[in-house]
Amino acid sequence: MSVESAASTAKISAALGSLGQGSVVSEVAERLLAFFTSGDIAPGTRLPAERTLAASLGVGRSAVREALAALEILGVVVVRPGSGTYLRDGVSELLPRTLSWGLMLGAPRTRELVELRSGLEVQAAQLAAERITEEALARMRVNLETMAGTLDDLGAFVEADAAFHREIAEASGNQVLQELLQSIRSLLRIWVDRALTDEGHAAAALKEHAMIHEALAARDADAVTATMRSHMQTASRRLLAGYDASQ
């Protein structure tokens, strides 16, 4: 094992801590997942061996093995035969991905999630109107340019759209709000991807985003609130139309 790998193993083992006797597999998986989504471990990091994790957590190797198997199914880790177990990329979306297993069982809650997202997006924009930097506004202009250039490539358009909204959430300066929005976006991702069905919808969405950007650049809180609220109303209608069509 390399010096770097040894240091990584020691860091992970120390951070996890002992669970104590009688812990079940779900508790092991929960502890591992909490650490993997904390931001303290980089995507692609090779995890310590099962025996090392078991010793750190104070549980049997079988509990660790089953917990890692569950996390692999969820897409949190990847097992490479002969090499080891590694943390996948996309750490920020790992927790929302696992939450979706439970929430998707109650599909009618989709409407409530859409409603909640709308309110949070407006709140994030209001805070961003006071705190956004010129650097963030410049990145959002790039997002707008990408959207304008991908009206005939709806997959790429949606990615640029999402990046635009992430910039606003980050500019809000509220980490909890940012994480809540990321979780909800991840849970709604399948419906968001289906909401834009033609270039006409994309062109309308582009215009709405451009108006939001203009209001943010002017630091006009009232205009930001109005433009984001209007955008979320039309975006929510498009999303729910796609959802209803699938039922």
Side-chain angles (χ1 to χ4, degrees), residues 1-107 109-110 113 116-117 155 158-159 162-163 166 169-170 175-194:
M1 179 182 293
S2 67
V3 174
E4 181 180 356
S5 296
S8 177
T9 293
K11 176 182 177 181
I12 294 173
S13 297
L16 289 173
S18 175
L19 282 172
Q21 296 298 317
S23 298
V24 296
V25 173
S26 61
E27 291 180 82
V28 176
E30 182 179 348
R31 177 68 65 85
L32 291 172
L33 182 60
F35 181 58
F36 294 161
T37 58
S38 68
D40 291 333
I41 175 173
T45 296
R46 186 173 69 177
L47 305 182
E50 287 179 2
R51 62 178 179 278
T52 303
L53 289 173
S56 298
L57 292 166
V59 299
R61 289 181 62 180
S62 61
V64 171
R65 186 178 304 114
E66 291 180 40
L68 288 175
L71 294 181
E72 183 181 20
I73 291 173
L74 292 173
V76 176
V77 301
V78 57
V79 178
R80 299 173 185 166
S83 179
T85 302
Y86 296 79
L87 181 65
R88 282 186 181 275
D89 291 339
V91 174
S92 64
E93 296 202 7
L94 294 181
L95 184 56
R97 189 181 305 162
T98 59
L99 289 174
S100 69
W101 285 75
L103 288 177
M104 288 306 289
L105 294 177
R109 291 187 178 178
T110 296
L113 283 173
L116 178 59
R117 183 192 69 160
V158 168
E159 289 296 331
R166 285 195 297 270
E170 185 174 345
Q175 185 66 31
V176 173
L177 179 58
Q178 185 177 345
E179 291 177 359
L180 282 172
L181 276 168
Q182 179 60 49
S183 295
I184 293 171
R185 289 192 198 106
S186 296
L187 293 170
L188 292 174
R189 180 58 188 266
I190 185 173
W191 310 118
V192 170
D193 287 349
R194 297 176 182 178

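What's counted below: heavy atoms across the whole structure, side chains too, no hydrogens, waters or symmetry copies.
Atom OG1 of Thr85 is separated from atom CZ of Arg80 by 10.0 Å, given to the nearest 0.5 angstrom. How far CG of Leu53 is from CG of Leu47: 6.5 Å, rounded to the nearest 0.5 Å. Atom CD of Gln182 sits about 10.5 Å away from atom CD of Gln175, to the nearest 0.5 Å. In this structure, the separation between CD on Glu66 and CD on Glu50 is 10.5 Å, given to the nearest 0.5 Å.
For the pair Arg117 and Leu181, the tightest heavy-atom approach, listed with the atom from each and the gap, is O-CD2, 4.1 Å.
The side-chain hydrogen bond (donor to acceptor under 3.5 Å, both in side chains) test applied to Arg61 returns no partner, not counting sequence neighbours. Remark: Gln178 pairs with no residue by the side-chain hydrogen bond (donor to acceptor under 3.5 Å, both in side chains) rule, at least two apart or across chains. In terms of the side-chain contact (heavy atoms from CB on, under 4.5 Å) criterion, residue partners of Ala67 (sequence neighbours excluded) are, by chain and number, Val25, Val28, Ala29, Leu32. Ala162 meets the side-chain contact (heavy atoms from CB on, under 4.5 Å) test with Arg166; sequence neighbours excluded. Here Leu180 pairs with Leu120, Val176 under the side-chain contact (heavy atoms from CB on, under 4.5 Å) rule; sequence neighbours left out.
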